[in-house]
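First the structure, in the form of structure tokens, and then the observations on it.
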Amino acid sequence: MKALVLAGGAGSRLRPITHTSAKQLVPVANKPVLFYGLEAIRDAGIREVGIVVGDTEAEIRGAVGDGSAFGLDVTYLRQDAPRGLAHAVLIAREYLGGDDFVMYLGDNFIVGGIDGLVARFRAERPQAQIMLTHVSDPRAFGVAELDGDGRVVALEEKPRHPKSDMALVGVYLFSPAVHEAVAELKPSARGELEITDAIQWLIDHGHRVESTVITGYWKDTGNVTDMLEVNRLVLEGVEPHVEGDVDEASELIGRVVVERGARVAASRVVGPVIVGAGSVVRDSYVGPFTSIDRDCAVLDSEIEYSIVLRGASIDGVGRIECSLIGREAEVTPAPRVPKAHRLVLGDHSKVQISN
């Protein structure tokens, strides 16, 4: 079995972060989301991985390399534009050959990995196997309709009037039969080749499609709210350890990680928290569910339930929470006189200001 990992999307819901960074490389607990997926694939016993890339190819290549750091053999497959999940299968046809494969969306996060899913597929040999989960607003997802026996009878991509609340999770398993389905597809009203249409073709032509309703945790990390929630979940599992310097005037409470080369001085840190290598926390409060990446500075400030990316600086700020702060960003207080907010914001930024 091979794996096909999709890492070519534009990440419009995470702008402006994704103007300069691939959405799959935004870190959760100081590790890119994409890496969690690659590790899950490896742990399921799969070694050959094709990564579909687009405009952020150079950055994805730089982070993943040849895959050897993950115990994988990685091949890069160029997609000229995001043209749908089934289009990714189409361009990967030669690479996949006659092998079964798992298709994994590179910005998805699934607790517990995919070992059981892969084992079931290998044992039962359906033509396709999908994962489903209950969602509050299925209009944003591919949606499955099940019969009385729980079998998939119909699928629809982002329907205006969903027939169920069962959304497709971003992990699919296919036999080579899917290539015939993809070859028959026409672009949808969205102008894309939809993987839901390919699965529907398999059903309509008598192929067996199985589904698993997952009860564990799954998130599409396509927006800031979901990124923060996944970050919270991963931090829940960290084990406290201190390899950096923490002075006697500081207090560490709960599950706190201070990586080698980091410094905490005259500060209170309440876990779960990660302070990355080379970062400095001084005269500050860092609250639960915060991850501070490498080479950051948090000085005379308060921050909680946030993600701070590499090289960012927060200096003299009273309180920050529920925030995603980009690489090399600088956050400082405005002058007291005149009383005004001074902002330099990239395209598609979102700012909430307390009056």
Side-chain angles (χ1 to χ4, degrees), residues 1-6 36-37 40-41 43-46 84-89 96 99-182 184-185 188 192-222 226:
M1 182 178 284
K2 291 176 180 173
L4 187 66
V5 176
L6 276 56
Y36 291 97
I41 288 166
D43 293 344
I46 299 169
L85 304 187
H87 183 261
V89 176
L96 294 169
D99 293 321
D100 297 335
F101 67 97
V102 54
M103 184 169 74
Y104 198 115
L105 275 58
D107 61 351
N108 275 226
F109 184 91
I110 300 173
V111 170
I114 60 172
D115 306 37
L117 187 73
V118 171
R120 178 183 169 187
F121 181 83
R122 285 172 164 156
E124 298 183 3
R125 305 300 305 151
Q127 273 65 56
Q129 187 168 309
I130 59 177
M131 297 175 71
L132 303 173
T133 191
H134 295 280
V135 295
S136 58
D137 185 6
R139 293 173 299 176
F141 303 93
V143 175
E145 182 182 356
L146 308 180
D147 64 16
D149 296 324
R151 289 192 173 276
V152 181
V153 294
L155 300 103
E156 190 174 4
E157 187 66 30
K158 296 181 174 63
R160 290 185 179 180
H161 305 288
K163 295 180 180 178
S164 81
D165 67 346
M166 301 298 295
L168 276 75
V169 174
V171 178
Y172 311 77
L173 289 103
F174 294 111
S175 76
V178 74
H179 297 299
E180 184 180 359
V182 168
E184 296 293 326
L185 296 185
S188 67
E192 298 185 357
L193 297 181
E194 310 286 6
I195 199 65
T196 46
D197 290 344
I199 299 169
Q200 186 67 55
W201 188 96
L202 290 172
I203 294 171
D204 293 343
H205 287 77
H207 294 289
R208 186 157 62 97
V209 174
E210 297 291 342
S211 66
T212 300
V213 178
I214 64 170
T215 56
Y217 190 89
W218 162 78
K219 277 289 184 182
D220 170 359
T221 60
D226 288 341

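Computed from heavy atoms alone, side chains included, the values below leave out hydrogens, waters and symmetry copies.
- The two residues S211 and L132 come nearest to each other via the heavy atoms CB-CD1, 3.8 Å.
- When the side chain to side chain donor-acceptor pair (under 3.5 Å) test is applied to H87, the partners found at least two apart in sequence or on another chain are Q79.
- For residues 161-179, every residue pair satisfying the side-chain hydrogen bond (donor to acceptor under 3.5 Å, both in side chains) rule, not counting sequence neighbours, is listed here: H134-D165.
- With sequence neighbours excluded, the residues that form a side chain to side chain contact (heavy atoms under 4.5 Å, CB included) with D204 are Q200.
- A salt bridge (charged side-chain N to carboxylate O under 4.0 Å, His left out) check over residues 128-137, counting only residues at least two apart or in different chains, returns the pairs D137-R139.
- In this structure, V153 and L146 have side chains that are not in contact, with every pair of non-hydrogen atoms separated by 4.5 Å or more.
- Of the inter-residue distances, the one linking D197 atom CG with L185 atom CG reads 6.0 Å to the nearest 0.5 angstrom.
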* Between L6 and D107, does a side-chain contact (heavy atoms from CB on, under 4.5 Å) hold up when you go through it step by step? -> CA-CA 8 Å; L6 276 56; D107 61 351; over 6 Å; no
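- When every heavy atom of N108 is checked against every heavy atom of V169, the shortest pair comes out as OD1-C, 4.4 Å.
- In this structure D99 satisfies the salt bridge (Lys or Arg N to Asp or Glu O under 4.0 Å) test together with K2, sequence neighbours excluded.
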* To do: Please report the C-alpha distance between V178 and F101 in whole Å, then the side-chain angles of each, then the deciding distance to 0.1 Å, and finally whether the side-chain contact (heavy atoms from CB on, under 4.5 Å) criterion is met.
  => CA-CA 10 Å; V178 74; F101 67 97; 3.7 Å; yes
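- With sequence neighbours left out, E157 forms a side chain to side chain contact (heavy atoms under 4.5 Å, CB included) with R190, E194, T196.
- Taking each heavy atom of P126 and E210 in turn, the nearest pair found is CB-CG, 3.7 Å.
- D115 approaches D43 most closely through the heavy-atom pair OD2-O, 3.2 Å.
- Residue pairs that meet the side-chain hydrogen bond (donor to acceptor under 3.5 Å, both in side chains) test with at least one member in residues 116-130, sequence neighbours left out, are D100-R125, R120-E124, R120-T212.
- With a 4.5 Å cut-off on side-chain heavy atoms, M166 and V213 count as touching.
- In terms of the ring-ring contact (aromatic ring centres under 6.0 Å, His included) criterion, F121 has no residue partners (sequence neighbours excluded).
- Here the closest non-hydrogen pair linking V152 and A144 is CG1-CB, 4.5 Å.
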* To do: Just do the side-chain contact (heavy atoms from CB on, under 4.5 Å) check on V89 and L4 with the steps written out, would you?
  => CA-CA 8 Å; V89 176; L4 187 66; 4.2 Å; yes
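- When each of M103, M131, M1 is checked for a side-chain contact (heavy atoms from CB on, under 4.5 Å) with L173, only M1 meets the rule.
- Taking CG of L193 as the reference point, atom CG of L85 lies at 10.0 Å (rounded to 0.5 Å).
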* After noting the C-alpha distance and the side-chain angles of F174 and I199, does the key distance pass the side-chain contact (heavy atoms from CB on, under 4.5 Å) rule? -> CA-CA 9 Å; F174 294 111; I199 299 169; 3.9 Å; yes
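- Here the straight-line distance linking atom CD of E156 with atom CG of L168 works out to 12.0 Å at 0.5 Å rounding.
- Every side chain to side chain contact (heavy atoms under 4.5 Å, CB included) that A181 has, sequence neighbours left out, goes to A198, W201, L202.
- The minimum heavy-atom distance between G106 and V5, with the atom names listed, is CA-CG1, 4.2 Å.
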